[in-house]
Amino acid sequence: MSARILIIDDDTRLTAMVCDYLGGAGFSVTASATAFEGQQRLKREQFDALVLDLMLPDADGLEVCRRIRQTSDVPILMLTARGDAMDRVVGLEIGADDYLPKPFNPRELVARIRAILRRTRSDKSVPSTPDIVRVGEIELDPATRSVRRDGQPVDLTSVEFNLLEVLLREAGRVVPRERLVNAVLSRKFSPFDRSIDMHVSKVRKKLGDTDADEHIKTIRGVGYIFARPREKAEEKVKATE
């Protein structure tokens, strides 16, 4: 059965082109020109992914994304104007899975949707006896896709969970940005794509990272490392010397 994609965008020419291209790529596509209509469809029907434009006639796309994420975990790909960097950051922070700036190549849209669907389906393919990963006060359970810090739950999106899992399993070792992009976003690395950095920033906030106490450290020009408790303690000692 082909994946069902919902597009919420009031640009009729663009929507018609995208529908034709996605249909030719094997997707079943439904389009809505307003936020209200799109949200009503989401309530009545089951979709595998949502393509959401941030410039809608009856609502702000970021607010629509926030509302949808409160009741649904449908993967969301945002369409943004090329210069709206802040919108991309906010969109990822409130639960969007990926973004694509306009104008875009339809082939890239297809590739992004396929990557999102691969991640979603792999998320549901949980091993029968997955191991719980613990590093310091952070505990990640792949079976329930849950994370706790000092016993308290940490609410992560699907992308954020996958990102943290990669870093935790490599705790104490540097994970290159290229590997994170491939593993977490399921696409090739581009030095101009900062979406993985936005996701890292969001995970840091949710883990309570501060300048004085970081779980995830940036290795400039290379990638990121999840610090083990001993490494964090050693850095604190150096800071007081």
Side-chain angles (χ1 to χ4, degrees), residues 1-35 37-38 41-42 47-57 59-62 64-65 68-69 74-123 157-160 162-163 176-200 202:
M1 181 178 293
S2 61
R4 296 198 67 204
I5 310 299
L6 174 63
I7 301 174
I8 304 179
D9 194 325
D10 66 321
D11 187 332
T12 55
R13 289 186 60 187
L14 176 66
T15 299
M17 180 270 291
V18 169
C19 286
D20 287 343
Y21 205 91
L22 291 180
F27 296 107
S28 174
V29 188
T30 301
S32 296
T34 67
E37 180 186 348
R41 283 188 175 277
L42 277 174
F47 292 95
D48 298 293
L50 167 64
V51 177
L52 173 65
D53 185 32
L54 295 191
M55 298 293 290
L56 296 168
D60 175 70
L62 292 173
V64 174
C65 180
I68 291 172
R69 193 48 81 223
V74 62
I76 299 175
L77 186 149
M78 303 183 306
L79 298 181
T80 71
R82 184 174 295 277
D84 293 341
M86 184 53 64
D87 282 351
R88 300 173 202 171
V89 174
V90 175
L92 292 170
E93 287 185 342
I94 63 179
D97 295 83
D98 203 353
Y99 68 84
L100 190 60
K102 292 181 176 181
F104 56 84
N105 187 317
R107 292 179 61 184
E108 182 173 6
L109 176 63
V110 170
R112 295 287 185 99
I113 291 175
R114 284 176 172 161
I116 287 176
L117 294 175
R118 282 197 300 271
R119 291 200 302 269
T120 304
R121 288 162 181 166
S122 65
D123 289 349
T157 66
S158 178
V159 171
E160 292 164 359
N162 294 342
L163 170 63
R177 291 180 69 247
E178 181 176 3
R179 180 182 167 194
L180 285 174
V181 170
N182 293 337
V184 178
L185 301 180
S186 302
R187 63 171 181 257
K188 292 183 179 179
F189 171 72
S190 167
F192 304 105
D193 186 352
R194 312 306 300 179
S195 55
I196 196 68
D197 305 303
M198 297 176 192
H199 288 300
V200 169
K202 186 64 174 176

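Below, each value reflects all heavy atoms present in this structure, side chains not excepted, and no hydrogens, waters or symmetry copies.
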- Report the distance from atom CG of Asp11 to atom CG of Leu56, rounding to the nearest 0.5 Å. 11.0 Å
- Query: Between the main-chain N or O of Ala33 and the side-chain N or O of Asp10, is there a donor-acceptor pair closer than 3.5 Å?
  - Reply: no
- What are the two closest heavy atoms between Ala35 and Val64, and how far apart are they? CB-CG2, 3.5 Å
- Measure across Leu50 and Leu42 and return the closest heavy-atom pair with its distance rounded to 0.1 Å. CD2-CD1, 4.2 Å
- Note on the structure: Rounding to 0.5 Å, atoms CG (Asp97) and OG1 (Thr157) come to a distance of 6.5 Å
- Item | Gap separating the CE atom of Met55 from the CG atom of Leu79, nearest 0.5 angstrom | 12.5 Å
- Query: What are the two closest non-hydrogen atoms of Gly26 and Ser2, and how far apart are they?
  - Reply: O-CB, 2.9 Å
- Query: In Å, rounded to the nearest 0.5 Å, how long is the span from OH of Tyr21 to CG of Leu109?
  - Reply: 9.5 Å
- Message: I'd like to know if the side chain of Arg112 reaches the main chain of Tyr99, judged simply by a donor and an acceptor atom lying under 3.5 Å from each other, with no hydrogens or angles considered.
- Response: yes
- Task: Evaluate the criterion side-chain contact (heavy atoms from CB on, under 4.5 Å) for residue pair Val51 and Asp9; output intermediate values, then yes/no.
- Result: CA-CA 8 Å; Val51 177; Asp9 194 325; over 6 Å; no
- Counterpart residues, side-chain hydrogen bond (donor to acceptor under 3.5 Å, both in side chains), relative to Asp60 (two or more places apart): none
- Query: When Phe47 is tested against each of Val29, Ile5, Ile7, Thr30 for side chain to side chain contact (heavy atoms under 4.5 Å, CB included), which residue passes?
  - Reply: Thr30
- Message: Using modelled atom types and a 3.5 Å cut-off, is there a donor and acceptor pairing between side-chain atoms of Glu108 and backbone atoms of Asn105?
- Response: no
- If you take all heavy atoms of Gly61 and Leu52, which pair is closest and at what distance? O-CD2, 3.6 Å
- If you take all heavy atoms of Ala3 and Asp48, which pair is closest and at what distance? CA-OD2, 3.2 Å
- Is the closest basic N to carboxylate O distance between Arg187 and Asp98 below 4.0 Å? yes
- Message: If you apply the rule side-chain contact (heavy atoms from CB on, under 4.5 Å), what do you find for Val110 with Leu22, and how did you get there?
- Response: CA-CA 7 Å; Val110 170; Leu22 291 180; 3.6 Å; yes
- Message: Side chains of Ile196 and Phe189, heavy atoms from C-beta outward: is any pair under 4.5 Å?
- Response: no
- Task: Would you give the length of the straight line joining atom CD1 of Ile94 to atom CG of Leu62, rounded to the nearest 0.5 angstrom?
- Result: 5.0 Å
- Evaluate the side-chain contact (heavy atoms from CB on, under 4.5 Å) criterion for residues His199 and Leu185: first the C-alpha distance (whole Å), next the side-chain angles of each, then the deciding distance (0.1 Å), finally the verdict. CA-CA 10 Å; His199 288 300; Leu185 301 180; 4.1 Å; yes
- Message: Within the 4.5 Å heavy-atom criterion, are Asp197 and Arg177 side-chain neighbours or not?
- Response: yes
- Are any side-chain N or O atoms of Arg69 and backbone N or O atoms of Val74, one a donor and one an acceptor, separated by less than 3.5 Å? yes
- Can you find a heavy atom in the side chain of Lys102 that is under 4.5 Å from one in the side chain of Asp53? yes
- Test Leu6 against Arg41 for side-chain contact (heavy atoms from CB on, under 4.5 Å), laying out the working first. CA-CA 9 Å; Leu6 174 63; Arg41 283 188 175 277; 4.0 Å; yes
